[in-house]
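Here the structure comes first, spelled out in structure tokens, and everything after it is commentary.
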Amino acid sequence: MEQQKQDIITRMNDRYMRMSKGHKAIATYISDHYEEAVFMTAAKLGETVGVSESTVVRFAAGLGYEGYPEFQKALEEWVRSKFNSVQKMGAKYGKSTQAEILHSVLRADMEKIQDTIVNLDAAAFEAAVDAILDAGTIYLVGVRSCEPLADFLYFYLNMIRGNIVLVKTTSVTEMFEQMIRIGEQDAVIGISFPRYSMRTLKAMEFANDRNAKVITITDSIHSPMNLYSSCNLLARSDMVSIVDSLVAPLSVINALVVALCMRQPETVKENLETLENVWNNYQVYLNDEINFIEEEPMLHYPLMKKEGMDL
């Protein structure tokens, strides 16, 4: 009965760690390309993934479906539910004023932050800070809607310490190429929320196999991202409408950055002073610092002048 209540993606996530190599490849493809997979026959799906048709049929059976047709129907229902999100949003907010929508969304985000405060494990947070400081190289993985979170964390970690690798790719193969040197002295931070990314999960599995420290930022103890991680930072994230609310995860990342700065303030201060000197020397923020009211725009002035000639 419990299995019948699970949607197809949840079934794949729950069984992923125990799957064979071929079945993992199928699960990864369906998770990342469900829009195309929903229209594929078993033979076509197998050809696309690089496995046999019989392997696809066994994959469906392994998830508890009587055959591939039942599996495909379940996938169709799941995709349809995702595409109905716009209709659900209209039913919820259709008669609301713009101000009411603003207040409703902000209140929902406040609730998510409060829930994160209650449920985040302080010991896991401290362990994550230690792992980030001790690691030789840190790899950051976040795809789809989580990519901005990974970008944000990369920007500030790069100011705090060196050897940060932001894994940016649309291919699992390319991910492995960028992480090929990861080892037990390194750490990976994987960020993923529903719909969980199989690419991120595979990257974390790879890091775990290499005995690297694995840290995850995800939404619950039931997330498949926890399969390979030793530090689970849980931040609530729900769909407000057709988009994911990532306010609570961003707050957790902010807390990580602040905690890291407090652990080695002298290093951070030195790095920031170096950056400030570089910005000033190369006039990185020239345009931002122009006062257009009191003085003529500096862009009209040559950057250097020598006696008798303008450069």
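The model shown is predicted, which means the values in this text are computed figures rather than measured ones. Nothing fancy with the numbering, it's 1 onward along the sequence.
- Applying the side-chain hydrogen bond (donor to acceptor under 3.5 Å, both in side chains) test to Arg263 and every residue at least two apart in sequence or in another chain returns Asp130.
- In this structure, the side chain of Arg11 engages the main chain of Leu63 through a donor-acceptor pair within 3.5 Å.
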- Item | Check against side chain to side chain contact (heavy atoms under 4.5 Å, CB included), Tyr34 and Ile9 | CA-CA 10 Å; Tyr34 59 89; Ile9 300 299; 5.7 Å; no
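- Contact check for Leu45 versus Tyr29: side-chain heavy atoms found under the 4.5 Å cut-off.
- With Leu234 as reference, Ile221 is the one residue of Val252, Ile221, Asn119 to meet the side chain to side chain contact (heavy atoms under 4.5 Å, CB included) rule.
- A donor-acceptor contact closer than 3.5 angstrom links the side chains of Ser54 and Ser52.
- Proximity of Val188 to Ile215: side-chain heavy atoms (C-beta onward) are nowhere separated by under 4.5 Å.
- Looking at Arg161, its side chain does come within 3.5 Å of a backbone N or O of Ala135 through a donor-acceptor pair.
- By the criterion of side-chain heavy atoms lying less than 4.5 angstrom apart, applied directly or through intervening Ile, Leu, Val, Met, Phe, Trp or Tyr residues, Ile113 is not grouped with Leu233; the two fall into different hydrophobic clusters.
- At a cut-off of 3.5 Å, with distance as the only test, no side-chain donor of Ser220 or Ser223 sits close to an acceptor on the other residue.
- Scanning both residues, Thr116 and Ala248, for their nearest heavy atoms gives OG1-CB, 3.4 Å.
- Under the 4.5 Å side-chain contact rule for hydrophobic residues, Ile117 and Phe125 do not share a cluster.
- A salt bridge links Lys168 with Glu147: at least one charged nitrogen is closer than 4.0 Å to a carboxylate oxygen.
- Within 6.0 Å of atom CD in Glu70, more than 12 heavy atoms from other residues, nucleotides or ligands are found, so the atom counts as buried in its surroundings.
- A heavy-atom distance below 4.5 Å is found between the side chains of Ile180 and Arg210.
- Minimum heavy-atom separation, Gly183 to Ala212: O-CB, 3.3 Å.
- The main-chain N or O of Met40 is found under 3.5 Å from a side-chain atom of Gln72 such that the two form a donor-acceptor pair.
- Atoms OG1 and OH, from Thr218 and Tyr196 in turn, are 4.5 Å apart once rounded to the nearest 0.5 Å.
- What you find for Val141 and Met175 is that their closest heavy atoms are CG1-CE, 3.6 Å.
- Phe155 and Ile191 end up in the same hydrophobic cluster when Ile, Leu, Val, Met, Phe, Trp and Tyr side chains are linked at under 4.5 Å.
- Contact annotation: the side chain of Arg181 never approaches that of Thr137 to less than 4.5 Å [non-hydrogen atoms, C-beta and beyond].
- Contact check for Ile253 versus Leu149: side-chain heavy atoms found under the 4.5 Å cut-off.
- The minimum heavy-atom distance linking Leu166 with Gln178 is given by the pair O-OE1, 3.9 Å.
- Tyr65 is listed as a side-chain neighbour of Ile8, based on a closest heavy-atom distance under 4.5 Å.
- In this structure, the ring-ring contact (aromatic ring centres under 6.0 Å, His included) partners of Phe59, at least two apart in sequence or on a different chain, are His23, Phe71.
- Distance check: Cys146 SG to Leu153 CG gives 12.0 Å after rounding to the nearest 0.5 Å.
- The CD atom of Glu36 sits 9.5 Å away from the OG1 atom of Thr48 when rounded to the nearest 0.5 Å.
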Would you tabulate the side-chain donor-acceptor contacts of residues 200-208 under 3.5 Å, counting partners in other chains and residues two or more places apart, or write 'none'?
residue : atom : partner : partner atom : Å
Thr200  : OG1  : Ser197  : OG           : 3.4
Lys202  : NZ   : Tyr16   : OH           : 3.3
Glu205  : OE2  : Lys24   : NZ           : 2.5

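- When every heavy atom of Val56 is checked against every heavy atom of Ala42, the shortest pair comes out as CG2-O, 3.7 Å.
- Partners of Asp134 according to the side-chain hydrogen bond (donor to acceptor under 3.5 Å, both in side chains) rule, which considers only residues two or more places apart in sequence or in another chain, do not exist here.
- Under the 4.5 Å side-chain heavy-atom criterion for ILVMFWY residues, no single connected hydrophobic cluster contains both Leu157 and Val258.
- Taking CG from Leu246 and NZ from Lys112, the interatomic distance works out to 10.5 Å, rounded to the nearest 0.5 Å.
- Geometrically, Arg236 does not engage Phe193 in a cation-pi contact, judged by NZ or CZ lying under 6.0 Å from the ring centre and within 45° of the ring axis.
- Contacts of Asp186 classified as side-chain hydrogen bond (donor to acceptor under 3.5 Å, both in side chains), with partners at least two apart in sequence or in another chain: none.
- Judged by distance alone, with hydrogens and angles left aside, the side-chain atoms of Thr55 form no donor-acceptor pair with the main-chain N or O of Val51 at under 3.5 Å.
- Annotation: the span from Glu270 atom CD to Glu266 atom CD amounts to 9.0 Å, rounded to 0.5 Å.
- If you take CG on Leu75 and CD on Glu35, they are separated by 10.0 Å, rounding to the nearest 0.5 Å.
- Side-chain contact between Lys213 and Cys231: present, with at least one pair of heavy atoms (C-beta onward) separated by less than 4.5 Å.
- Shown here for Ala150 and Leu140, the closest heavy-atom pair between the two residues is O-CD1, 3.8 Å.
- Val247 and Phe152 fall into different hydrophobic clusters, where Ile, Leu, Val, Met, Phe, Trp and Tyr residues are linked whenever their side-chain heavy atoms come under 4.5 Å apart, directly or through other members.
- Under the side-chain hydrogen bond (donor to acceptor under 3.5 Å, both in side chains) criterion, Asn163 pairs with no residue at all, not counting sequence neighbours.
- For the pair Ile138 and Ile132, the minimum side-chain heavy-atom distance is below 4.5 Å.
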